[in-house]
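First the structure, in the form of C-alpha cells, and then the observations on it.
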Amino acid sequence: MIIVVKKGASREEVQEIVAKIEASGLKAHVSKGEERTIIGAIGDERKLNVTQLEALNGVEKVMPIVKPYKVASREFHPEDTIIAVEGVKIGGKELAIWGGPCSVESEEQVFAIAEAVKKAGVKLFRGSVYKPRTSPYDFQGMGDKGLKILKKVKDELGLVIETEVMDIRKVEIAAKYVDILRVGARNMQNFDLLKEVGKINKPVILKNGLSSTIKEFLMSAEYIMSEGNHKVILCERGIRTFETETRFTLDISAVPVLKSLTHLPIIVDPSHAAGRRDIIGALSKAAVAAGADGLLIEVHNAPEKAMCDGKQSVTTNDFPAMLEGIGKVAEAVGRTMPK
Ligand code: PEP
Ligand code: MN
C-alpha cells in the first residue's frame, strides 16, 4: 500500500501514520520527495485498516501498489534512488563507471589494471574472486585470498571495490572486505542468496538472468529489498537469443523500461553481453544514450593472458579513449563522466 501524505503535514502527523502501519504488523518506509512525502506499507496488506488510515490527519490518500514488486516499484518511490558508497554516488547525474578485470588473478595483475583505470578517471573497481564457470575444469577464481588483494587496492588507491558472491557462506567475508557485492546472472533467482545479501548494509549489483523477464528481474530485486537492504543496483548484462555473433544480446530496451518501472539505479555491462572487445565502446554509448546510470566494463592489461574473458576485455591502453567517446554521448544526454 502507498500512503500519500498531505502537503504540509507535520512530523507528528507523519509519525502517527508510521505508527499505525507498524501497529498492524507491516513495515513503513517513508520517502520524502521534493514535492511529496509517500509512505510505503510493506507486508500483509490485509492487516491494514484502510478506513482508519484514511481518517488520519496527515493522510491524503491510500492506494494499492498494483505491481507484484512493491519496494522496487516507481509507485513506491517516485524519485530516482541515488546510492552513495564511499563518497561515490550511483544513480545521479554523474555516470557510475566500473573498470577492472573479470577475475582477480594476482596482486601484480590487479594493481596494474587498477592503476590504469584510476588514471582514466574511474572510481569504481570490479574484480571477481569466486567465479561462476560453465566448466568445472576452468579457473574457479582465487577465492578468499583474492578479497585481500581487492582490499589492498581500496586502501592504497582509494578505489571503491566490488566483487561477486555466489554462495551464502561467502556473503559475510566478502562484505567485510569489499564495498559492493554483486549477484551474477546465473544466481539472479538464487532466492536464498538474494535474502542473504538483503541482510547486509552494503550496495548490491544484481544482474539479470540469462533468460529472465524484466518482471522476474524486479522480483529478485524485491527479494533483496524485502530483507531491508534497499541499496540495489540493477545491471543489464545481455540476454540469450538466437544470435551467435555476440555472446549474448544486449537488451537496450530494458534500460528505459526498467527506468519507468523502478526507482533503482540501472547500469549496463556491455562486456558480458558482447563477448568481444571491438563493440564495447558502441554498446556503452548506446547504454548511456538510453538512460543508463552507469557501466560495468571488463578491462585487462594483458587480455591475451587473462584467465577468464580476455576476448571481451578492453585493454588498459584503449580504455581512456573509449571513455572519451562515451563522454561525448554522456554530455549530449545531460550526464557527466566521473572525474
Ligand atoms: C561477471 O561480471 O564477472 C560475470 C560473471 O557476469 P555475468 O554474471 O553477467 O555472467
Ligand atoms: Mn567476466
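None of the values given here were measured: they were computed from a predicted structure. When a ligand or atom number is given, it counts from 1 through the structure's own listing order. Basis for what follows: all heavy atoms, side chains included, without hydrogens, waters or symmetry-related copies. Start at 1 with the first residue, then count along the sequence.
For the side-chain hydrogen bond (donor to acceptor under 3.5 Å, both in side chains) test with Asp309, the passing option among Arg247, Lys131, Arg277, His300 is Arg247; the others fail.
Using bins of under 30°, 30° to 60° and over 60° for the plane-to-plane angle, the ring pair His29/His77 lands in the tilted bin.
At the shortest separation from atom 3 (O) of ligand 1 among protein heavy atoms lies Arg126 NH2, 2.8 Å.
Two residues are said to be in side-chain contact when any heavy atoms from C-beta on lie closer than 4.5 Å; Asp144 and Val129 fail this criterion. Between Ser284 and Ile297 the shortest side-chain heavy-atom distance falls below 4.5 Å.
Connection of Ile168 to Met225 is established within a shared hydrophobic cluster, with ILVMFWY side chains joined at heavy-atom distances below 4.5 Å, either directly or through further cluster members. Val71 and Leu48 are assigned to two separate hydrophobic clusters, defined by single-linkage of ILVMFWY side chains at heavy-atom distances under 4.5 Å.
Using a 4.0 Å cut-off to heavy atoms of Gly184, the atoms of ligand 1 that qualify are 8 (O). Counting atoms of ligand 1 from 1 in the listed order, those under 4.0 Å from a heavy atom of Lys131 are 3 (O), 5 (C). Close contacts between ligand 1 and Arg237 involve ligand atoms 7 (P), 9 (O), 10 (O) [criterion: under 4.0 Å to a heavy atom]. Against a heavy-atom cut-off of under 4.0 Å, Ser128 is close to the following atoms of ligand 1: 3 (O).
Residue contacts with ligand 1: Ala185 is placed with a nitrogen or oxygen under 3.5 Å of a nitrogen or oxygen of the ligand (distance criterion only).
The OE2 atom of Glu298, the Mn ion (ligand 2) and the OD2 atom of Asp309 define an angle of 130° (nearest 10 degrees). The NE2 atom of His272 and the SG atom of Cys102 meet at the Mn ion (ligand 2) at an angle of about 160°, given to 10°.
For atom 2 (O) of ligand 1, the choice among Glu164, Met166, Lys207 with the nearest heavy atom turns out to be Lys207. Of all the listed residues (Arg186, Arg247, His272), Arg186 holds the heavy atom that lies closest to atom 10 (O) of ligand 1.
By the 6.0 Å contact criterion, CZ on Arg36 is enclosed, its count of non-hydrogen atoms from other residues, nucleotides or ligands being greater than 12.
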